[in-house]
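Nothing fancy with the numbering, it's 1 onward along the sequence.
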Amino acid sequence: MPRKSKFVYDVDDEPIIIPADGLPAPDMPRGLRDIRQLTYRRMLRDSPHMAPLNDMVAGLRAEGRGAVPDFDPMDGGVGARILFLMEKPGPMTDADRLGRAGSGFISRDNDDESAAATFTFMQQIPIMRNETLIWNAIPWWNDSIKVTPEEWRVGLLRLEALLNLLPRLQSVVLVGRKAARAANMLAMRDLRVWHSAHPSPRVRARYPDQHAAIPGIWAKAIASLN
């Protein structure tokens, strides 16, 4: 007997129909501005590969340091072999922000320029999504791109807790100058560590060569996986 499609209702009580076999991952950048994709992503949050990460996120939220987005359940979760560690979540990860709400996820499919570039670079490499995980050295968004010394201290401690949840992890790509501060801590683990520029429009404008080099560095990191 065929499975039925799932119906979810939006804030205006309009039906959002999700096929029984789910939705494919977006094939274009900014996929999470599609309400069907966003709804389906939320439905996947309780998947088994996400459970330990969800517990970690819940603990971070309880600290009250800012908005902590969820990991993207279309990525590898605790089965990931390569972690792309960026700097700090941006406003489009915050689902509760005033005005234009974000997705609530750290995702290459978010509706912002850095995420769009990340999506494009990942497509160029390419790599299976279930091999990857995207996160930030500072895991909360507090309405500021600045990072205080206290945030760094606490953020790196929380990063260590994350690494303990990833038994298959082999490589970490430190994405951006700020994320590179995690290098010393990672040196104490049996991991390959790579460095790239951040895929932001600011880096693209100021350092176009570094920005253009990002997919090549990411490809080398992925090629090093066993």
Side-chain angles (χ1 to χ4, degrees), residues 18-19 21-45 47 49-50 53 69-93 102-137 166 168-177 179-180 192-226:
I18 306 297
D21 56 354
L23 295 173
D27 58 4
M28 296 290 288
R30 302 177 186 263
L32 287 182
R33 63 183 171 188
D34 180 341
I35 187 61
R36 293 176 74 244
Q37 282 286 349
L38 181 56
T39 299
Y40 183 54
R41 206 69 54 97
R42 290 169 176 166
M43 292 167 63
L44 293 177
R45 275 185 298 203
S47 301
H49 72 298
M50 297 297 295
L53 301 180
D70 287 304
F71 290 85
D72 189 335
M74 277 199 170
D75 293 345
V78 295
R81 294 200 295 157
I82 184 166
L83 170 66
F84 291 84
L85 187 72
M86 300 196 179
E87 298 175 346
K88 187 175 184 178
M92 290 312 294
T93 67
S103 70
F105 294 97
I106 291 291
S107 176
R108 72 192 72 183
D109 300 314
N110 278 341
D111 189 11
D112 64 77
E113 290 194 51
S114 294
T118 299
F119 180 97
T120 300
F121 292 155
M122 292 285 189
Q123 291 286 86
Q124 290 175 9
I125 295 172
I127 185 173
M128 298 293 291
R129 286 189 74 142
N130 63 6
E131 299 280 12
T132 69
L133 193 69
I134 300 175
W135 195 238
N136 287 278
L166 305 176
R168 298 185 68 232
L169 190 67
Q170 296 178 20
S171 294
V172 179
V173 182
L174 299 175
V175 183
R177 290 180 181 177
R192 301 182 188 95
V193 179
W194 304 79
H195 296 258
S196 81
H198 194 280
S200 70
R202 181 179 298 181
V203 172
R204 184 182 63 218
R206 293 184 179 180
Y207 310 103
D209 292 344
Q210 292 182 27
H211 193 273
I214 292 172
I217 296 169
W218 291 5
K220 289 179 181 178
I222 288 161
S224 73
L225 299 175
N226 296 330

Value rounded to 0.5 Å, distance of CG in Asn226 from CD in Gln170: 4.5 Å

If you measure from CZ on Arg81 to OG on Ser224, what distance do you get to the nearest 0.5 Å? 9.0 Å

Below 3.5 Å, can you tabulate the donor-acceptor pairs from side chains in residues 206-218 to any protein atom, sequence neighbours excluded?
residue	atom	partner	partner atom	Å
Trp218	NE1	Ser196	OG	3.0

Which atom pair, heavy atoms only, marks the closest approach of Thr120 to Pro29? OG1-CG, 3.9 Å

Under 3.5 Å donor-acceptor, Ser107 side chain and Asp109 backbone: yes

Shortest non-hydrogen contact between Asp34 and Arg36, atoms and distance: OD1-N, 2.9 Å

Which atom pair, heavy atoms only, marks the closest approach of Phe105 to Phe71? CD2-O, 3.4 Å

Minimum-distance pair of heavy atoms, taken over all atoms of Ala137 and Leu85: N-CD1, 3.6 Å

Any donor-acceptor N/O pair, Asn136 side chain to Glu87 backbone, under 3.5 Å: yes

Determine the minimum heavy-atom distance between His195 and Ala180, stating which atoms define it. ND1-CB, 3.8 Å

Stepwise side chain to side chain contact (heavy atoms under 4.5 Å, CB included) check, Leu44 with Met50: CA-CA 9 Å; Leu44 293 177; Met50 297 297 295; over 6 Å; no

Using a cut-off of 6.0 Å, state whether more than 12 heavy atoms not belonging to Arg168 lie near its atom CZ. yes

Just how far is it from atom CG of Asp75 to atom CD1 of Ile82, taken to the nearest 0.5 Å? 12.0 Å

Do Asn110 side-chain atoms and Asp112 backbone N/O form a donor-acceptor pair below 3.5 Å? no

Is a side-chain donor or acceptor of Glu113 paired with a backbone partner of Pro199 at a separation under 3.5 angstrom? no

What distance do Lys88 atom NZ and His198 atom NE2 have between them, rounded to the nearest 0.5 Å? 12.5 Å

Distance (rounded to the nearest 0.5 Å) between Met28 CE and Gln123 CD: 9.5 Å

Does Ser200 use its side chain to pair, donor to acceptor, with the backbone of Val203 at less than 3.5 Å? yes

Please determine which of Thr118, Asp72, Thr132 meets the side chain to side chain donor-acceptor pair (under 3.5 Å) test together with Arg108. Thr132

If you compare all heavy atoms of Asp27 against all heavy atoms of Phe119, which two are closest, and at what distance to 0.1 Å? C-CZ, 3.6 Å

Within this structure, what is the CD1-CD distance for the pair Ile18 and Gln37, rounded to the nearest 0.5 Å? 8.0 Å

What residues, two or more places apart in sequence or in another chain, satisfy side chain to side chain donor-acceptor pair (under 3.5 Å) together with Asp70? Arg45, Arg61

Taking it one step at a time, do Leu133 and Leu169 satisfy side chain to side chain contact (heavy atoms under 4.5 Å, CB included)? CA-CA 10 Å; Leu133 193 69; Leu169 190 67; over 6 Å; no

Please examine the side chains of Asp111 and Ser103, heavy atoms only from C-beta on, and report whether any two atoms are closer than 4.5 Å. no

